[in-house]
Amino acid sequence: MPELPEVETIRAGIADHAVGGRIESVEVFSDRAMRRQQGGRDEFAALLAGRTLTGARRRGKFLWLTLDHEGEEALLIHLGMSGQVLVRERTDDAAHLPAHARVRLTLAGSPGNTGSPGRTVELLFVDQRTFGYMWAGPLTPEGLPEPVAHIGRDLLDPALAAGTADYSELVRAIRGTGRGIKTVLLDQRVLSGIGNIYADEALWRARLHYATPAERLRPSRAGELLESARDVLTEALAAGGTSFDALYVDVAGDSGYFERELAVYGREGLPCGRCGRAIVREPWANRSSFRCPACQRKR
DNA sequence: ACTGCGTCCTGGGGGC
DNA sequence: TGCCCCCAGGACGCAG
């Protein structure tokens, strides 16, 4: 399930294997993947045709590829819960497209920084559960695609290094609400990139119960939680992301290896790595939360 | 203004 | 063995 580390892995893969390519054709197989595009698939295709991919950027779970005439327009990708991006040699046989292929871009020119110029590759957006989408359109003056304009910075953004003004503002924002701390961690407007898996992992590291009212955290405690979250994201990124059922793969089709590092998520009944108590799974906001009942008490 | 809940979707797996 | 229901979840829209 793609959260920040998985999306960053994909961003880096696209930078290596697709940026520099010129979009020769755009094939949209699913209107649902175009649901954020006002003008639908025709507008999407018209905007992209002939453009060259100049860079791959990310904020939280949002990934976008800048287009030539830098600073003006971009191709946005959100992976939802099951989205993948595959970049591979172009195949003519449409029957060999993966199941759930939603969009295919054919890239010519000089795609990637490792291959030889003149080859042709395809960038496939594959998404079984269809919560993901693509969108093409203008960048705001801040350099963000319009659907990203309201999304907060993420913990790998240098602007959120500990001690910066933005970091202090983030701590204030977190403590400025009585909502449960996990709800705040998942609010992409406050802080982006964290989903259900890494929220539970960060809370375990910080020994916090998910329902703790955010306003009850002292600034130092909020800071500890943020550093726990930053650590878990960084470690997961180093491992290439988390994968459970092959729904997530990187651009080459390889799965991540962070699953084995998880302390609580998906580990109901297994011993806590700190105290040995059995991890519990509890219904939370129409989903599940995993925690150690001893290390993360409700107080 | 702010919060929280329902909704979209698919296929794998468990239970009967 | 077969069928049905549940479950996973990101982000947004809407109700209160």
Side-chain angles (χ1 to χ4, degrees), chain A residues 1-8 10-11 29-38 58-64 76-85 97-103 125-135 137 144-154 172-203 210-216 229 233 236 241-249 255-256 258-259 262 264-269 280-290:
Chain A
M1 298 157 200
E3 300 181 30
L4 185 153
E6 293 77 24
V7 178
E8 173 57 21
I10 289 169
R11 188 207 62 76
F29 310 120
S30 158
D31 281 320
R32 182 165 160 77
M34 294 285 110
R35 65 190 183 282
R36 299 292 300 271
Q37 192 82 39
Q38 286 279 343
R58 183 189 56 74
R59 175 176 284 204
K61 306 168 196 173
F62 290 79
L63 165 65
W64 65 95
L76 177 69
I77 306 171
H78 197 292
L79 299 172
M81 67 177 289
S82 60
Q84 307 171 14
V85 175
L97 284 175
H100 316 301
R102 307 302 184 191
V103 176
F125 175 57
V126 181
D127 186 17
Q128 180 207 114
R129 296 178 197 170
T130 74
F131 279 19
Y133 61 88
M134 285 179 132
W135 174 92
L144 301 172
E146 285 168 356
V148 186
H150 68 292
I151 298 297
R153 293 186 185 276
D154 64 66
R172 266 194 296 278
I174 286 172
R175 300 180 62 247
T177 174
R179 300 151 85 198
I181 186 59
K182 181 171 173 179
T183 302
V184 179
L185 279 183
L186 293 176
D187 187 338
Q188 306 296 302
R189 296 167 299 181
V190 176
L191 174 69
S192 67
I194 297 176
N196 202 40
I197 297 173
Y198 296 122
D200 280 1
E201 293 298 307
L203 289 166
Y210 53 80
T212 308
E215 64 193 0
R216 290 232 315 260
L233 294 173
T242 302
S243 173
F244 291 94
D245 51 8
L247 287 179
Y248 160 76
V249 290
S255 297
F258 194 66
E259 181 184 0
L262 295 177
V264 285
Y265 187 87
R267 291 178 49 82
E268 180 181 18
V280 296
R281 166 189 179 177
E282 294 164 333
W284 179 85
N286 276 330
R287 349 188 106 62
S288 293
S289 276
F290 296 87

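Labels below follow one simple rule: chain letters A, B, ... track the order of the sequence lines, proteins then strands, and each chain is numbered from 1.
Using a distance-only test at 3.5 Å, with no hydrogens or angles considered, no donor-acceptor pair links the side chain of A/Asp154 to the main chain of A/Gly193. Checking side-chain atoms of A/Glu201 against main-chain N and O of A/Asn196 turns up no donor-acceptor pair under 3.5 Å. Side chain of A/Arg59 to backbone of A/Ile151: a donor-acceptor contact under 3.5 angstrom is found.
For A/Arg281, taking side-chain heavy atoms from C-beta onward, the closest of the listed nucleotides C/dA8, C/dG10, B/dT10 is C/dA8. Among the nucleotides B/dG11, C/dC12, B/dC8, the one closest to any side-chain atom of A/Arg32 is B/dC8. Here B/dG11 is the nucleotide among B/dG11, C/dC12, B/dC9 with the atom lying nearest to any side-chain atom of A/Gln128. The side chain of A/Lys61 sits closest to C/dA11 out of B/dC9, C/dA11, B/dG11. Closest to the side chain of A/Thr177, out of B/dC9, B/dT3, C/dC12, is B/dT3.
Nucleic acid contact class of A/Phe62 (heavy atoms, under 4.0 Å, all strands): sugar-phosphate only. When heavy atoms are screened at a 4.0 angstrom cut-off, A/Arg179 is found touching the sugar-phosphate backbone but no base atom. Looking at heavy-atom distances under 4.0 Å, A/Arg189 makes no contact with the nucleic acid at all.
To the nearest angstrom, P of B/dT7 lies 16 Å from CZ of A/Arg35.
By the side-chain hydrogen bond (donor to acceptor under 3.5 Å, both in side chains) test, A/Glu282 pairs with A/Tyr210, A/Arg291, sequence neighbours left out.
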